[in-house]
Asker: 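After the structure tokens below, expect a handful of questions from me.
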Amino acid sequence: MAGIGKYSSVDEFMDYVRKKNPAQEEFHQAVEEVIESIWGFMEENPIYFGENILERLVEPERVIMFRVPWRDDNNNIHVNRGFRVEFNSAIGPYKGGLRFHPSVNLGGLKFLGFEQTFKNSLTSLPMGGGKGGSDFDPKGKSDNEIMNFCQSFMQELYRHIGPNTDVPAGDIGVGGKEIGYLFGMYKKLRNEFTGVLTGKGINWGGSLIRPEATGFGAIYFVKEMLSMMNEDIAGKVISVSGFGNVAWGAVLKATQLGAKVVTLSGPDGYIYDPDGVKGKKIDYMLELRATNNDIVEPYAKKYDVDFFPGKRPWERDVDIAIPSAIQNELNGEDAQNLIDNDVTLVAEASNMGCTKEAVDLFHENEIPFGPGKAVNAGGVAVSGLEMSQNSMKLNWTEEEVDEKLHNIMKNIHKTCVEHGKDGDYTNYVKGANIGGFIKVADSMIDQGVV
Ligand code: GLU
């Protein structure tokens with residue numbers, strides 16, 4: 001059946017998106033994946049075409065771009081670019097992380113803000129989608145320089161955010177330390193103590209389990225995927241990429257549940273630890289991160305394991321692969337390697353960790369594949385729980401938060417299966433996209449053309 005309304009096919013709509021957003025390839029990639037998934041559903045429910053939901057959905061409600069000047073320790077002045085993409089507020093205040101990384105640009109943040117809208121909807125918590133950050137590179141910077149940068153960044157951002165408007169959090173390059181500096185400056189400028197950021201320190205409004213949440217949630221989701229295959233995570237061999245917050249949480253939970261994680265990676269290459277990353281080695285990941293050098297090789301030296309410079313961990317023979325670093329970190333060739341090695345399942349803990357070619361290969365070969373917006377939604381879900389605790393001015397225990405996180409991940413899995421089941425195979429990409437879309441699109445329709 002042909003599309004109803006302005007566009008008769010996915011390609012036609014994508015032409016519109018490409019022309020309107022030139023040179024934003026990652027944004028095109030994220031949009032195309034969603035539109036391909038929901039097109040059939042929209043044809044069955046033509047109201048969405050009539051309401052022109054697609055054009056409205058791919059246009060951010062607001063984009064803020066600003067200058068961030070700051071001084072380094074030698075008194076040199078630098079200028080970075082700051083962004084906040086307030087993508088969609090149909091179901092709640094804009095919510096999503098801040099990324100500090102040299103690759104940050106407008107197109108990248110639009111892809112992330114778009115993804116976040118669907119991810120947040122999947123959590124079933126009242127959060128809209130947003131994303132922000134800067135092309136600032138934390139690598140090699142002193143604490144003082146990072147504080148100067150964060151303070152300058154917030155001196156502009158504070159006027160655009162608020163606990164009922166837009167609630168940023170961390171992402172690549174932004175952890176507890178940076179959130180502290182950002183929160184301190186926000187509080188000073190506004191003279192108010194509110195839950196304007198999540199990922200806060202435990203003494204000043206943070207939630208227990210927030211640091212672990214993305215990785216724990218990813219493993220809870222993997223467990224659900226495995227249970228569909230009548231399999232358990234105990235005894236499974238896993239390759240993880242990255243070594244930051246997301247990878248850390250995933251390694252911790254996977255190991256607690258009896259699996260063995262044999263790889264970690266950084267921009268410099270990957271380490272292979274046949275005994276598994278466990279015990280003190282997991283704590284060492286935090287130390288490695290805190291050095292701000294963004295390299296994983298010191299792990300190999302410290303624990304006397306092999307390091308493969310310039311390589312990615314997907315060449316290893318494992319049961320499960322969990323990309324946990326950055327977008328498009330696993331391509332078609334990597335996917336083919338994993339398939340040749342009989343991988344059981346792949347779950348993205350990073351946002352859009354796999355290229356389109358890789359995802360298509362997993363689907364063709366019927367390898368269960370969990371997309372980032374479902375698998376890694378535990379991070380923002382616990383951010384949502386942090387917001388609830390802040391509003392109620394109380395703190396839940398570790399057990400309470402973990403249980404809520406676990407239930408949210410189970411429900412996201414259920415939603416994916418409900419909308420993505422195709423015979424014996426579940427297309428989690430389709431399931432997550434349709435599941436995330438319905439609530440946002442229906443809310444937009446309810447609220448009129450605004
Ligand atoms: N940056 C994380 C994400 O990609 C967390 C966002 C948040 O907690 O608001 O979902």
Side-chain angles (χ1 to χ4, degrees), residues 208-209 211-265 270-286 288 296 299-300 302-306 313-314 316-325 338 341-350 353 367-370 374-379 381-382 398-414 416-417 426 428:
L208 290 164
I209 302 288
E212 294 87 347
T214 312
F216 277 24
I219 299 300
Y220 294 150
F221 195 89
V222 165
K223 259 179 63 140
E224 295 301 305
M225 291 174 81
L226 285 167
S227 73
M228 295 276 291
M229 308 156 79
N230 294 319
E231 298 229 29
D232 187 42
I233 192 162
K236 292 278 184 294
V237 177
I238 305 181
S239 59
V240 164
S241 62
F243 66 97
N245 173 260
V246 176
W248 168 76
V251 173
L252 190 59
K253 183 52 74 181
T255 310
Q256 279 173 7
L257 297 177
K260 185 162 82 167
V261 177
V262 291
T263 67
L264 297 173
S265 72
Y270 81 92
I271 63 99
Y272 178 70
D273 187 344
D275 289 340
V277 182
K278 58 185 177 198
K280 287 213 170 72
K281 295 172 177 176
I282 302 179
D283 303 335
Y284 179 65
M285 291 172 74
L286 298 175
L288 204 53
V296 79
Y299 181 105
K302 188 172 169 73
Y303 295 111
D304 194 22
V305 299
D306 287 335
W314 319 124
R316 289 285 154 182
D317 183 354
V318 292
D319 302 312
I320 298 174
I322 308 185
S324 310
L338 288 166
N341 284 325
D342 294 326
V343 73
T344 308
L345 74 82
V346 179
E348 283 178 340
S350 46
I367 308 288
F369 168 73
V375 176
N376 73 28
V382 175
E398 203 173 310
E399 291 73 27
E400 281 172 303
V401 179
D402 196 27
E403 194 192 330
K404 288 185 203 311
L405 167 64
H406 206 146
N407 283 334
I408 289 170
M409 297 314 296
K410 278 189 184 164
N411 282 331
I412 296 176
H413 184 268
K414 214 164 119 195
C416 290
V417 174
T426 299
Y428 286 91

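The shown structure was predicted, so the numbers you read here are calculated from the model rather than taken from an experiment. The residues of the chain are indexed from 1 along the displayed sequence.
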Asker: Shortest non-hydrogen contact from D319 to G235?
Answerer: OD2-O, 4.3 Å
Asker: I'd like to check S241 versus W314 (side-chain heavy atoms, cut-off strictly below 4.5 Å). Are they in contact?
Answerer: yes
Asker: Can you name the residues that form a side chain to side chain contact (heavy atoms under 4.5 Å, CB included) with K404, not counting sequence neighbours?
Answerer: L385, W396
Asker: If I compare all heavy atoms of A259 with all of I238, which pair ends up nearest, and what's the gap?
Answerer: CB-CD1, 3.8 Å
Asker: Quick one: list whatever passes salt bridge (Lys or Arg N to Asp or Glu O under 4.0 Å) with K281, sequence neighbours left out.
Answerer: D273
Asker: Can you name the salt bridge (Lys or Arg N to Asp or Glu O under 4.0 Å) partners of K236, sequence neighbours left out?
Answerer: E231
Asker: Determine, step by step, whether I271 and D306 satisfy the side chain to side chain contact (heavy atoms under 4.5 Å, CB included) criterion, reporting the C-alpha distance in whole Å, the side-chain angles of both residues, the deciding distance to 0.1 Å, and the verdict.
Answerer: CA-CA 6 Å; I271 63 99; D306 287 335; over 6 Å; no
Asker: Classify the angle between the aromatic ring planes of Y299 and Y284 as parallel (below 30°), tilted (30 to 60°) or perpendicular (above 60°).
Answerer: tilted
Asker: Give a yes or no on whether D275 atom CG has more than 12 heavy-atom contacts from other residues, nucleotides or ligands under 6.0 Å away.
Answerer: yes
Asker: Applying side chain to side chain donor-acceptor pair (under 3.5 Å), name anything that partners E400, two or more places apart in sequence or on another chain.
Answerer: T397
Asker: Provide the closest heavy-atom pair for K223 versus L257 in the form atom of the first, atom of the second, distance.
Answerer: CD-CD1, 3.6 Å
Asker: Are I219 and I233 close enough that some pair of their side-chain heavy atoms sits under 4.5 Å apart?
Answerer: yes
Asker: Less than 4.5 Å apart, any side-chain heavy atom of V401 and any of V382?
Answerer: yes
Asker: Enter the distance from E224:CD to N411:CG here, rounded to the nearest 0.5 Å.
Answerer: 9.5 Å
Asker: Please report the closest heavy-atom contact between V222 and A347, naming both atoms and the distance.
Answerer: CG2-CB, 3.6 Å
Asker: If you apply the rule side chain to side chain contact (heavy atoms under 4.5 Å, CB included), what do you find for I320 with V237, and how did you get there?
Answerer: CA-CA 6 Å; I320 298 174; V237 177; over 6 Å; no
Asker: Do P368 and M228 have side-chain heavy atoms sitting under 4.5 Å apart?
Answerer: no
Asker: Who are the side chain to side chain donor-acceptor pair (under 3.5 Å) partners of S239, not counting sequence neighbours?
Answerer: none
Asker: Can you measure from NE2 (H406) to CD1 (I209) and round to the nearest 0.5 angstrom?
Answerer: 12.5 Å
Asker: Where do A349 and I322 come nearest, in terms of heavy atoms and distance?
Answerer: CB-CG2, 3.8 Å
Asker: Of N341, D342, V240, V262, which meets side chain to side chain contact (heavy atoms under 4.5 Å, CB included) against V318?
Answerer: V262
Asker: Check the pair K253 / E212 against side chain to side chain contact (heavy atoms under 4.5 Å, CB included), numbers first and verdict last.
Answerer: CA-CA 9 Å; K253 183 52 74 181; E212 294 87 347; over 6 Å; no
Asker: Does atom CD (Q256) have a neighbourhood of more than 12 heavy atoms from anything else shown, all under 6.0 Å?
Answerer: yes
Asker: Quick one: OG on S227 to NE2 on H413, what's the gap to the nearest 0.5 Å?
Answerer: 6.0 Å
Asker: Would you say M409 and I412 make side-chain contact, with heavy atoms under 4.5 Å?
Answerer: yes
Asker: First locate atom OG1 of T263, then atom CZ of F243, and finally report the distance between them rounded to the nearest 0.5 Å.
Answerer: 13.5 Å
Asker: Can you label the angle between the F216 ring and the Y220 ring as parallel, tilted or perpendicular, going by 30° and 60°?
Answerer: perpendicular
Asker: For a 4.5 angstrom cut-off between non-hydrogen side-chain atoms, does P211 reach W248?
Answerer: yes
Asker: Hey, does T255 have a side-chain heavy atom less than 4.5 Å from the side chain of I282?
Answerer: yes
Asker: List for me each residue that meets side chain to side chain donor-acceptor pair (under 3.5 Å) alongside S265, sequence neighbours excluded, and say none if there are none.
Answerer: none
Asker: So which atom in A374 and which in C416 form the shortest heavy-atom distance, rounded to 0.1 Å?
Answerer: CB-SG, 4.0 Å
Asker: Is there a side chain to side chain contact (heavy atoms under 4.5 Å, CB included) between F221 and K410? Walk through the geometry before answering.
Answerer: CA-CA 7 Å; F221 195 89; K410 278 189 184 164; over 6 Å; no
Asker: Please examine the side chains of M229 and T344, heavy atoms only from C-beta on, and report whether any two atoms are closer than 4.5 Å.
Answerer: yes
